[in-house]
Amino acid sequence: MVLPFFVVLMNAVKSPAEYSSDGPLSMPDGVYLDGLADFWERVDFGQKLWNSVLISGSVAVLAVVLSVLSAYAIGIGRIRGRPYVLAFFVLANMLPQEALVYPVYYLSKEAGLYDTRLSVVIVFTVVQSAFGTYLLASVLGGFPREVIEAARIDGAGKWQVLWRVVVPVSRPTIGVLMVLFFIWTWNEFLLPLVMLVSDDNQTVSVALGVLQGQRDMDATMTNAAALLGVLPAIAFFLIFQRTLTRGIAVGAAK
Amino acid sequence: MTAAVSKDAARAAGGSGTPSRRRWRTSRGGRRRTGGSGRTHRTSTEGSYALFLLPGALAFLVVIVVPFAMNTGISFTDWSGVGTPGFTGLENYDRLLGDDDFRESFRHSLAMVAAMALIPTALGLVLASALFDFVGRHAGSRWVAVLRACFYLPQVLPIAVAGIVWSWILAPESGSLNELLGAVGLDALQQDWLGDPDWALYSVMAVMVWVQIGFPLVIFMSGLQRVDPALHEAAELDGAGWWRRFWHVTLPQLRPEIAVVLLWCTIAALKVFGMVYVLTGGGPGGATNVPSYFAYQNFFENFQAGYGAAISTVLTVLILVLAVVALKLQTRAEDENS
């Protein structure tokens with residue numbers, strides 16, 4: 001399972017000469033980082049990273065806010081038709097993006113949002129919050145009523161109860177959701193591919209995917225691309241794991 | 001696509017679904033009991049809570065509902081993407097029925113279901129119980145966690161990056177796989193893995209198994225923790241070997257998880273796009289084309305938005321039907337667990 005990662009790492013630090021003489025399976029003689037640096041500059045990788053961080057970060061925050069608001073109404077407010085509202089959110093989340101992509105592309109052109117990072121942020125905020133609403137609503141459904149009633153008796157309005165009581169207590173779930181939204185948005189491919197056509201707006205995933213699709217990369221470049229794409233994912237993975245473990249305590253808010 | 005899948009991993013690994021659901025039930029029961037006095041001002045509180053749903057509802061209207069309705073509408077037209085669309089009724093759907101490329105793409109979807117649902121579920125079951133039984137008992141839980149993490153890693157990788165890694169490994173000239181085959185003297189097996197129409201689909205399938213396996217593994221491992229160890233011990237005392245215990249204890253106990261994993265993975269398999277885009281571009285000669293890539297081609301390469309919309313509508317109906325079934329099963333599984 002992890003073998004491909006080792007092969008990538010091994011070859012990303014080889015010089016092109018060493019690669020062509022010894023092939024992909026030999027151990028590298030030394031550490032040669034020019035290939036990585038070259039690739040970084042050629043695709044302006046710093047910009048792509050920044051785009052990915054900006055888009056994924058905004059989506060993570062905005063989608064959590066949206067999820068919290070909707071889930072508050074459903075899980076604690078117990079609005080009428082709750083199961084149907086929940087079902088709607090789940091199905092919206094399961095919808096294949098192919099069924100949205102063309103109208104979204106068309107509408108964003110009409111609205112002057114085409115090829116802006118904002119357009120992608122808006123769409124993914126809504127898509128991710130569908131899952132967030134579903135998860136948070138079921139967690140908040142188990143929120144101790146006494147705590148809310150006590151706060152209401154103390155004179156807190158619904159808005160205050162939400163931010164002063166519900167959100168702080170639900171922080172573990174909210175943290176998990178934020179990390180998930182960030183990673184999922186980082187990994188998204190189809191919509192960013194369609195929406196972000198200019199080089200300056202592309203995310204890491206799209207930039208690497210498009211490069212590969214054009215097939216103008218030599219072996220050394222492919223390796224550099226693979227390594228630079230894998231590293232952030234591994235970094236998140238470490239955070240992701242720890243946050244998830246914390247998330248197990250989600251239901252423990254008493 | 002991976003996203004849709006890892007979501008459920010989170011749901012299962014987080015383990016939050018079951019306990020909170022149970023509490024939800026009881027508190028709802030509690031409410032019903034006290035409901036008599038609170039009835040009168042219930043409507044007024046409901047109204048103001050509904051305000052909190054307003055931003056979400058509006059956002060969903062603009063980003064999901066309207067585009068989805070538009071897509072369905074476009075599917076009944078001959079629209080090229082510019083100009084005025086002309087209404088053609090069911091013509092696009094009629095054309096789909098007779099389109100060999102479309103039928104081919106759905107056959108490849110079935111291959112993806114095998115690669116992303118059936119094979120990973122079967123392997124995941126064996127691996128999960130092996131990790132649980134052997135590694136867990138003899139090497140300790142630390143090793144289990146490390147191995148589980150290794151299997152799960154591809155799930156958090158952007159699909160485009162996984163695609164780059166694999167297209168380089170599977171490259172015909174000096175790709176690692178061919179080099180490796182050469183090094184051990186199996187030159188005869190060397191292939192143009194992604195460029196040969198006979199091999200391309202199997203190569204993509206193999207990569208998808210690699211991507212997907214971590215998801216069922218994680219779910220099944222958390223499911224195994226729920227199984228009462230007394231069942232295994234009783235079977236062991238009765239002289240059942242590992243395989244018989246796996247077959248008669250583990251499998252029946254994990255039935256709810258298996259059903260859910262199979263359905264969610266099938267949905268993910270129907271949505272495959274990124275990997276096909278990066279690895280093969282649907283080629284060679286359509287040998288790896290899938291419905292979502294076929295729709296994309298019609299939207300953005302052939303300028304047949306109407307036809308593309310019809311393809312994606314058919315795909316959507318299929319996925320939504322499966323999603324409804326999956327949700328029903330999941331609710332039932334959670335009820336059984338609690």
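By convention in this document, chain letters (A, B, ...) are assigned in the order of the sequence lines, proteins followed by strands, and residues within each chain are numbered from 1.
- A/Val65 does not touch chain B: none of its heavy atoms, backbone or side chain, sits under 4.5 Å away.
- For the pair A/Ala233 and B/Pro158, the tightest heavy-atom approach, listed with the atom from each and the gap, is CB-CD, 3.8 Å.
- Both tests do not hold together for A/Lys158 against B/Phe52: distance to the six-membered ring centre under 6.0 Å, angle to the ring axis within 45°.
- The greatest number of non-hydrogen atom pairs below 4.5 Å with chain A, out of B/Ala323, B/Gly274, B/Ala59, B/Ser176, is found for B/Ser176.
- Between A/Tyr102 and B/Phe300, the ring planes lie tilted relative to each other; the angle falls in the 30° to 60° range.
- Considering only heavy atoms from C-beta on, A/Ile74 stays 4.5 Å or farther from B/Tyr49 through its side chain.
- Note: B/Thr316 leads B/Thr316, B/Val66, B/Leu270 in heavy-atom pairs under 4.5 Å with chain A.
- Taken from CZ in A/Phe89 to CZ in B/Phe60, the straight-line distance is 5.0 Å, to the nearest 0.5 Å.
- At a 4.5 Å heavy-atom cutoff, the contact between A/Leu100 and chain B is made by backbone and side-chain atoms alike.
- Note: B/Ser312 OG to A/Gln97 CD = 12.0 Å, rounded to the nearest 0.5 Å.
- Just one of A/Val7, A/Val230, A/Thr222 meets the side chain to side chain contact (heavy atoms under 4.5 Å, CB included) condition when paired with B/Val165; it is A/Val230.
- Listed for the B/Trp210 side chain is a donor-acceptor partner under 3.5 Å among the backbone atoms of A/Met1.
- A/Trp159 places none of its side-chain heavy atoms less than 4.5 Å from the side chain of B/Leu51.
- Taking chain B as the reference chain and counting heavy-atom pairs below 4.5 Å, the highest number among A/Leu190, A/Leu107, A/Thr125, A/Leu140 is found for A/Leu190.
- For A/Leu162, the part sitting under 4.5 Å from any heavy atom of chain B is the side chain, from C-beta outward, and nothing else.
- Looking only at heavy-atom pairs under 4.5 Å with chain B, the residue among A/Val101, A/Asn223, A/Val2 that has the most is A/Asn223.
- For a residue to count as touching a neighbouring chain, one of its non-hydrogen atoms must lie under 4.5 Å from one of that chain's; by this rule B/Ala171 does not touch chain A.
- Listed here is the closest heavy atom pair of B/Trp166 and A/Pro4: CZ2-CG, 3.7 Å.
- In plain terms, the two heavy atoms of A/Pro103 and B/Pro67 that are nearest each other are CG-O, 3.2 Å.
- The residue among A/Ser205, A/Ala87, A/Ala71 with the most heavy atom pairs within less than 4.5 Å of chain B is A/Ser205.
- One finds the CD1 atom of B/Ile319 at 11.5 Å from the CG atom of A/Leu91 (value rounded to the nearest 0.5 Å).
- Contacts of B/Thr313 with chain A are absent, with no heavy-atom separation under 4.5 Å from either backbone or side chain.
- For chain B, the nearby part of A/Ile183 is the side chain; its heavy atoms alone come within less than 4.5 Å.
- Considering CG of B/Leu157 and CD1 of A/Ile234, their distance stands at 7.5 Å, rounded to 0.5 Å.
- Taking B/Cys150, B/Pro291, B/Gly175, B/Gly214 one by one and counting their heavy-atom pairs under 4.5 Å with chain A, the maximum is reached by B/Cys150.
- A donor-acceptor distance shorter than 3.5 angstrom exists from the side chain of A/Asn187 to the backbone of B/Val156, with no hydrogens or angles considered.
- Neither the backbone nor the side chain of A/Val68 comes within contact range of chain B; no heavy atoms are under 4.5 Å apart.
- Of the two parts of B/Leu53, the backbone and the side chain both hold a non-hydrogen atom closer than 4.5 Å to a non-hydrogen atom of chain A.
- Note: A/Leu95 leads A/Thr133, A/Leu66, A/Val206, A/Leu95 in heavy-atom pairs under 4.5 Å with chain B.
- Interface remark: B/Leu180 contributes backbone and side-chain atoms alike to the contact with chain A (heavy atom separation under 4.5 Å).
- Residue B/Ala309 does not touch chain A at all, counting heavy-atom pairs closer than 4.5 Å.
- Atoms CD1 and CG, on B/Ile169 and A/Asn11 in that order, are 9.5 Å from each other to the nearest 0.5 Å.
- Proximity to chain A is limited to the side chain of B/Ile213, based on heavy atoms less than 4.5 angstrom apart.
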Report the C-alpha separation of A/Tyr106 and B/Asn71 in whole Å, then their side-chain angles, then the decisive distance to 0.1 Å, and conclude whether the side-chain contact (heavy atoms from CB on, under 4.5 Å) test is met. CA-CA 11 Å; A/Tyr106 179 79; B/Asn71 188 71; over 6 Å; no
Evaluate the side-chain contact (heavy atoms from CB on, under 4.5 Å) criterion for residues A/Glu98 and B/Leu315: first the C-alpha distance (whole Å), next the side-chain angles of each, then the deciding distance (0.1 Å), finally the verdict. CA-CA 9 Å; A/Glu98 290 77 17; B/Leu315 188 64; 4.2 Å; yes
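- Atom CD1 of residue B/Ile64 and atom OG of residue A/Ser129 lie 8.0 Å apart, to the nearest 0.5 angstrom.
- Using a 4.5 Å cut-off between heavy atoms, B/Tyr296 touches chain A through its side chain atoms alone.
- Contact of A/Ala207 with chain B is not made at all, since no heavy-atom distance falls under 4.5 Å.
- Residue A/Leu177 does not touch chain B at all, counting heavy-atom pairs closer than 4.5 Å.
- Heavy atoms closer than 4.5 Å to chain B are found nowhere in A/Phe236, neither backbone nor side chain.
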Begin with the C-alpha distance, continue with both residues' side-chain angles, and end with the deciding distance and a verdict on side-chain contact (heavy atoms from CB on, under 4.5 Å) for B/Val278 and A/Phe189. CA-CA 10 Å; B/Val278 174; A/Phe189 189 67; 4.1 Å; yes
